[in-house]
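First up is the structure itself, then whatever we jot down about it.
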Protein chains: 2
Amino acid sequence: MENYYKAHTKFYLAVDCIIFGFDEDGLKLLVVKRDFEPGKGQWSLVGGFLSQGENLDEAAQRILHKLTGLENIYLEQLATYGEPARDSAARVVSIAYYALISTTKFKENKSNRNACWYPLNGLPNLIFDHNQMVAKAILRLRRKAASRPIGFELLPAQFTLPQMQALYESIYQQQIDKRNFRKKILSMNILEKLPEKDMTGSKRGAYKYKFNPSKYNELLNNGYHFEIINNGKQ
Amino acid sequence: MENYYKAHTKFYLAVDCIIFGFDEDGLKLLVVKRDFEPGKGQWSLVGGFLSQGENLDEAAQRILHKLTGLENIYLEQLATYGEPARDSAARVVSIAYYALISTTKFKENKSNRNACWYPLNGLPNLIFDHNQMVAKAILRLRRKAASRPIGFELLPAQFTLPQMQALYESIYQQQIDKRNFRKKILSMNILEKLPEKDMTGSKRGAYKYKFNPSKYNELLNNGYHFEIINNGKQ
DNA sequence: CCAAAAGTGTTATGGATACACCCATGA
DNA sequence: TCATGGGTGTATCCATAACACTTTTGG
């Protein structure tokens with residue numbers, strides 16, 4: 001029965017979360033100071049060990065919550081890293097997850113002194129293979145962002161078009177023409193214009209919008225394909 | 001030091017390989033009959049356990065080789081599956097890999113009676129969550145195929161354009177216009193026309209081509225983006 | 001009244017699609 | 001000679017890209 005299994009080795013399994021944050025200053029990464037050896041005091045992704053009885057997604061949520069207080073974040077699995085020597089202290093295989101949120105969702109404060117946002121350009125050296133994970137996550141985020149409107153998971157469900165455009169510009173690190181961007185996004189008919197304006201970004205104010213999830217899902221189910229940035233080049 | 005680690009659970013780690021095969025009959029999947037419990041006698045993906053000292057890619061290669069004799073297959077990591085009850089006998093987390101090869105690379109024979117090709121439409125029920133893995137791999141293959149010429153890993157390094165087109169048609173399950181397909185592929189300048197013809201498919205014969213890897217890599221390095229099928233819909 | 005960001009249309013270009021006929025050959 | 005699959009060119013269309021001025025309002 002189980003005998004066949006018993007002949008094999010078991011491994012530590014970790015989950016590491018690449019949390020991208022977005023605000024007026026662009027894209028940032030959530031990093032923590034490790035408080036245990038090896039690498040105590042070094043920067044690291046938000047991570048922890050898989051426990052008995054939980055699945056991988058649950059582990060990611062739990063670990064993220066425990067270290068940052070963040071809850072109900074849409075995490076997506078990125079890849080699994082298993083170089084024998086990737087962790088200097090023991091053989092640990094790590095499953096990486098990533099998410100994109102508004103930086104406002106996690107406020108650096110005293111009780112969370114060990115976690116903070118770091119601008120994407122100019123990341124510090126992270127422990128183990130974490131920089132490699134981040135690089136891969138950025139590529140994935142770009143691919144993803146090109147084909148569907150991320151942002152659902154973003155901002156307090158309301159946002160202005162200039163904000164949304166700034167998000168895409170920081171993901172792609174390139175300027176986008178205002179008129180073309182608006183044309184494209186609005187032509188999808190998945191946004192609803194709200195009567196209020198957001199006055200924080202300018203004197204004139206910009207109209208707020210919100211996603212219309214039902215229209216969005218309807219399109220998705222009908223096989224519609226979103227292409228916000230034409231990533232011919234990359 | 002390692003004390004922090006020791007407090008945590010260890011897990012069995014498996015690798016499962018989704019091997020797509022292509023020939024004149026379309027796409028197929030390589031499946032094996034399990035020869036141990038649980039699920040002895042049922043169909044399963046090519047899989048096995050991770051060993052100490054090898055990384056994930058190496059494990060996938062080793063397991064694939066052991067069960068099928070296949071060597072030097074370009075395997076790509078797909079995703080990791082970790083539902084606590086996915087394996088009925090023990091908690092096993094499985095890292096799925098996939099590849100696309102020519103069915104001629106693996107010939108079913110007496111010594112390999114337990115592994116065989118199965119047409120993609122009309123797969124049997126596979127053990128555990130293996131059907132789910134296959135479904136995900138198909139989607140990934142389509143995305144991949146849309147953005148770069150797969151086929152490098154395909155056929156004895158020589159192929160005809162009708163063959164290549166048939167490959168794309170079976171991946172996408174849709175007809176492609178002959179002229180448009182040729183135009184697109186040839187305009188990339190990554191194929192070399194060979195003087196010989198392949199006479200197996202027709203009386204007239206079709207010219208053989210081969211990839212020119214150096215031109216291909218040159219383009220890749222220059223940031224060129226391949227788009228063979230415009231997957232506006234899916 | 002001025003600075004700063006929001007908002008708005010049109011044109012040109014290029015890639016994607018649609019489409020039909022001749023060619024070579026083995027049987 | 002004919003049936004079968006291989007090979008070729010062009011016209012239309014639509015999505016993308018480029019581009020500049022007016023509007024609003026807080027200071």
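We name chains A, B, ... by the order of the sequence lines, and we start the count at 1 in each one. Because only heavy atoms are used, hydrogens play no part in the values below, and waters and symmetry mates are left out as well, while side chains stay in.
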Discussion item. Protein within reach of the bases, or only the backbone? For nucleotides 2-7 of chain D, mark each nucleotide 5' to 3' as B, S or -, using heavy atoms under 4.0 Å.
Written reply: ---BBB
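Two residues are said to be in side-chain contact when any heavy atoms from C-beta on lie closer than 4.5 Å; A/S44 and A/K33 fail this criterion.
No donor-acceptor contact under 3.5 Å links the side chain of A/R179 to the base of C/dA6.
Distance, B/Q175 CD to C/dA16 P: 20 Å, rounded to whole Å. Rounding to whole angstrom units, CG of residue A/N180 and P of D/dC14 are separated by 19 Å. A/M164 has its CE atom 17 Å from the C1' atom of C/dA6, to the nearest Å. If you take CG of A/D198 and P of D/dG26, they are 14 Å apart, rounded to a whole angstrom. What separates CD1 of B/I176 from P of C/dA16 is a distance of 13 Å, to the nearest Å. Residue A/M199 contributes atom CE, which lies 13 Å from atom P of C/dA5 at whole-angstrom precision. Taking atom CD1 of residue B/I185 and atom P of nucleotide C/dG15, one finds them 16 Å apart after rounding to whole Å. In this structure, A/D177 atom CG and C/dT8 atom P are separated by 14 Å, rounded to whole Å.
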Item to complete: Could you give me the CA-CA distance, side-chain angles and deciding distance for A/Y209 and A/L186, then say whether side chain to side chain contact (heavy atoms under 4.5 Å, CB included) is met?
Response: CA-CA 10 Å; A/Y209 286 80; A/L186 292 175; 3.9 Å; yes
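The CD1 atom of B/I138 lies 12.5 Å from the OH atom of B/Y172; values are rounded to the nearest 0.5 Å.
Aromatic rings of A/F211 and A/F159 (six-membered ring for Trp) have centroids within the 6.0 Å cut-off, being under it.
Stacking of B/K197 on the aromatic ring of B/Y207 is recorded, both the 6.0 Å distance cut-off and the 45° axial limit being met.
Using a 4.0 Å cut-off, no side-chain N or O of A/K184 falls inside it from OP1 or OP2 of D/dA15.
A salt bridge between B/R86 and B/D129 is present, with a side-chain N of the basic residue lying under 4.0 Å from a carboxylate O of the acidic one.
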